[in-house]
Visitor: 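Here you go, one structure.
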Amino acid sequence: DSHKHKDKHKDREHSHKEHKRDKERENSKNGNRQQDKHFRFSPCNLSGLSYTRMCCFSSLSIKVEEDNGYHLPIKHEKPLKRERDEDEYEHKPKKLKVDNEKKVKKRKQEDKVKKDSTGGKKKAKNEPQEKWKWWEEEKYTDGSKWRFLEHKGPVFPPPYEPLPDRIRFYYDGKAMKLSPAAEEVATFYAKMLDHEYTTKDIFRKNFFKDWRKEMTPEEKSKITELKKCDFTEMHEYFKAQSEARKQMTKEEKQKIKEENERILQEYGYCVMDNHRERIGNFRIEPPGLFRGRGDHPKMGKLKRRIRPEDIIINCSKDSAHPQAPPGSRWKELRHDNKVTWLVSWTENIQGSIKYIMLNPSSRIKGEKDWQKYETARRLKKSVEHIRAQYREDWRSKEMRIRQRAVALYFIDKLALRAGNEKDEGETADTVGCCSLRVEHIRLHPQMDGQDYVVELDFPGKDSIRYYNKVSVEKRVFKNLQLFLENKQAKDDLFDRLNTSILNKHLQELMDGLTAKVFRTYNASITLQQQLKELTSPDDNIPEKILSYNRANRAVAVLCNHQRAPPKTFEKSMHNLQTKIDEKKKQLSAAKKELKAAKADAKMLRDEKSKKAVEMKKKAVQRISEQLMKLEVQATDREENKQIALGTSKLNYLDPRISVCKKYWCGNSFKVAYVPSK
DNA sequence: GTGTACACTTAGAAGCGATCAC
DNA sequence: GTGATCGCTTCTAAGTGTACAC
């Protein structure tokens with residue numbers, strides 16, 4: 001019997017997008033593909049000291065073996081071997097300096113001295129761009145995140161600018177002038193007319209409900225049906241505006257660029273502990289319609305405009321406090337150095353808190369990132385023991401222990417997320433490991449020539465579908481059968497488990513261990529093993545890049561990092577195919593010419609015709625190479641259609657693996673910071 | 001044990017300037 | 001010159017995990 005509430009989840013269908021993805025996945029049995037357009041660089045300013053890195057890749061294919069210890073949700077042609085234990089992830093770390101009170105005190109004093117010498121303000125803006133090796137400095141041990149923090153506060157979006165009178169809204173075929181408040185919300189919808197969102201019932205319903213709240217009583221009584229609303233003039237107006245922006249002269253564009261740069265310099269940086277640091281998101285989110293992912297019950301709701309009165313400012317007592325815009329005041333001015341955020345506010349859709357924090361290149365983010373990979377490396381040392389433990393626990397007398405052990409096996413083997421419980425009706429129905437339900441799993445004692453196959457099919461984070469068939473150990477299979485007994489589709493698979501229980505257990509096994517550490521560890525170790533397998537010391541740079549991309553793709557597949565195929569995908573593939581066809585024709589013609597030249601040479605037996613043969617041979621060779629390149633490009637693009645490589649690069653792969661000398665491929669990476677040599 | 005608040009990381013979509021191909 | 005594509009940034013939603021009250 002379930003300890004958790006049952007029947008709490010309503011039947012939901014896959015979103016339209018997901019259906020599209022499913023269909024495409026089916027159509028692409030040899031693997032998912034993605035055009036490597038989406039690649040997110042980590043901020044990697046050498047003076048910015050990011051613990052993350054910057055790489056230049058093209059997309060390349062990987063192939064996956066059926067049973068390699070890691071069971072990837074997306075299948076590929078070639079085996080991706082991944083051994084569980086690989087010592088090379090064991091780079092010697094640079095010894096972390098241990099903080100002590102004396103050193104922290106010294107740093108504090110130094111900060112004070114520098115501050116005093118600059119009249120209470122840091123000389124940050126025009127400081128020479130000298131590398132700051134924050135990783136060589138001591139860390140705070142008292143839980144504080146900084147000693148001094150000064151910033152200029154957030155940048156607010158511009159106020160609403162009413163539409164020109166010539167741009168009209170029509171209701172039931174008749175032009176109608178809207179009040180400014182109602183008009184503003186209408187423009188949010190009008191701007192999205194081309195988007196799939198506006199075809200969704202929930203989106204339309206939520207928008208209309210919230211829009212009506214902004215209307216005057218007269219408007220409210222008149223506008224009663226969304227389907228009678230005509231926003232097309234507004235839509236065309238915004239499209240024309242966007243077009244006009246594109247058509248601006250170089251000078252106009254330059255002027256805007258300079259203004260943006262000025263704002264960035266003024267508001268985009270803060271001073272934290274004597275260093276000028278880039279802020280990640282210094283702009284307040286503008287009002288608009290909420291774009292929840294998947295079947296989000298709140299999509300289309302009005303995201304209200306944030307006012308200074310909603311804003312909490314966090315900074316040092318002894319800093320120059322940011323000033324609220326004239327005529328307004330902040331909600332609160334706080335001096336909490338136990339947190340890293342500079343500005344916060346509560347949003348109105350979920351009631352959650354939003355923050356303005358530092359850029360990933362900052363000391364504070366870099367240190368956290370580093371710690372994350374250090375924890376993953378510690379896990380490497382304990383992982384065999386932990387695996388032995390959970391295998392033992394599969395036989396436990398207690399159901400809760402068995403469930404915990406099977407869930408952990410999934411998290412380790414399949415790199416699943418923990419799966420916290422979520423508020424029903426407040427968010428899209430998505431699950432992770434601990435929140436899997438009976439309906440998400442199917443057991444096949446035999447399937448495709450394999451024993452004990454578990455078929456997993458569930459919506460994960462961002463409503464991305466996780467689909468995988470994996471052969472498991474007999475004991476796991478038997479346990480799963482037991483967990484499913486006497487349960488309905490909507491019941492929890494692991495009814496005696498949640499993330500809190502699981503993480504408490506993990507904490508006992510290793511200090512700092514939580515479910516997500518397994519994802520980091522397994523992603524990084526997969527990269528390393530793939531690099532080892534796919535590269536050889538004699539490889540040239542393109543070959544190494546090819547291997548790196550394949551290894552990266554293996555990680556993306558393991559972590560189920562997917563994206564929607566680009567809108568222009570089909571068209572661009574079609575264009576590429578046309579090129580291939582033309583090239584084939586060219587090749588065929590060149591071959592004919594070569595044949596003719598050979599015949600001439602045989603007859604004439606002179607130097608000129610011999611030379612002609614050589615020329616034609618070279619032409620055939622050149623065209624063949626061009627054709628091959630195009631074909632590789634097509635395969636590559638097709639295989640990368642749905643795989644997103646950026647997330648793993650940015651969040652899961654220890655940069656020390658990418659810059660390891662053994663796999664180093666020169667100009668492929670720009671490294672901001674390599675902590676160990 | 002449960003619920004909630006909070007702080008932070010992870011995530012895909014969208015935007016945009018630069019470059020390429022024609 | 002123009003449209004397509006690339007390479008990257010920005011935006012913000014959606015997760016994880018901890019602390020704390022009851």
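In what follows, every chain begins at residue 1, and chains take the letters A, B, ... in the order their sequences are listed.
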Visitor: Would you indicate what A:Lys253 reaches in the nucleic acid, counting non-hydrogen atoms under 4.0 angstrom: base, sugar-phosphate, or nothing?
Guide: nothing
Visitor: When we call it a touch if two heavy atoms are under 4.0 Å apart, what does A:Arg400 touch: a base, just sugar-phosphate, or nothing?
Guide: nothing
Visitor: Do A:Gln507 and A:Asp511 meet the criterion of a side-chain donor-acceptor pair at a distance under 3.5 Å?
Guide: yes
Visitor: With a 4.0 Å cut-off on heavy atoms, is A:Asn420 in touch with a base, just the backbone sugar-phosphate, or nothing at all?
Guide: base
Visitor: Given atom CZ of A:Phe290 and atom P of C:dT12, what is their separation to the nearest angstrom?
Guide: 12 Å
Visitor: Rounded to the Å, how far apart are A:Trp341 CH2 and B:dA7 C1'?
Guide: 10 Å
Visitor: Would you say the side chain of A:Lys461 and the base of B:dT10 hold a donor-acceptor pair, judged only by whether the two atoms sit under 3.5 Å apart?
Guide: yes
Visitor: What's A:Arg519 touching, base or sugar-phosphate or nothing? Going by heavy atoms closer than 4.0 Å.
Guide: sugar-phosphate
Visitor: Can you tell me if A:Asp495 and A:Gln403 form a side-chain donor-acceptor pair at under 3.5 Å?
Guide: yes
Visitor: Quick check on C:dT12: is either OP1 or OP2 less than 4.0 Å from any side-chain nitrogen or oxygen of A:Tyr355?
Guide: no
Visitor: When you measure from the side-chain N and O atoms of A:Lys516 to the phosphate of B:dT9, is any distance below 4.0 Å, counting only OP1 and OP2?
Guide: no
Visitor: A:Tyr197 and ring pair (Phe, Tyr, Trp, His ring centres under 6.0 Å): which partner among A:Phe203, A:Phe188, A:Phe290?
Guide: A:Phe203
Visitor: Does A:Thr430 reach a base, just sugar-phosphate, or nothing at all? Heavy atoms under 4.0 Å.
Guide: sugar-phosphate
Visitor: Measure the distance from CD on A:Glu347 to C1' on C:dA13 and round it to the nearest whole Å.
Guide: 9 Å
Visitor: Any base atoms under 4.0 Å from A:Gly432, or only sugar-phosphate, or nothing? Heavy atoms, all strands.
Guide: nothing
Visitor: Is atom NZ of A:Lys253 surrounded by more than 12 heavy atoms (other residues, nucleotides or ligands) closer than 6.0 Å?
Guide: yes
Visitor: Indicate, with a heavy-atom threshold strictly under 4.0 Å, whether A:Ser344 touches base, sugar-phosphate, or nothing.
Guide: nothing
Visitor: What class does the angle between the rings of A:Tyr189 and A:Phe207 fall in, given that below 30° is parallel, 30 to 60° is tilted and above 60° is perpendicular?
Guide: parallel
Visitor: NA contact type, A:Lys303, heavy-atom cut-off 4.0 Å: base, sugar-phosphate, or nothing?
Guide: sugar-phosphate
Visitor: Which part of the nucleic acid, if any, lies within reach of A:Gly280 when heavy atoms closer than 4.0 Å are counted: base, sugar-phosphate only, or nothing?
Guide: nothing
Visitor: To the nearest Å, how far apart are A:Lys504 NZ and B:dG1 P?
Guide: 7 Å
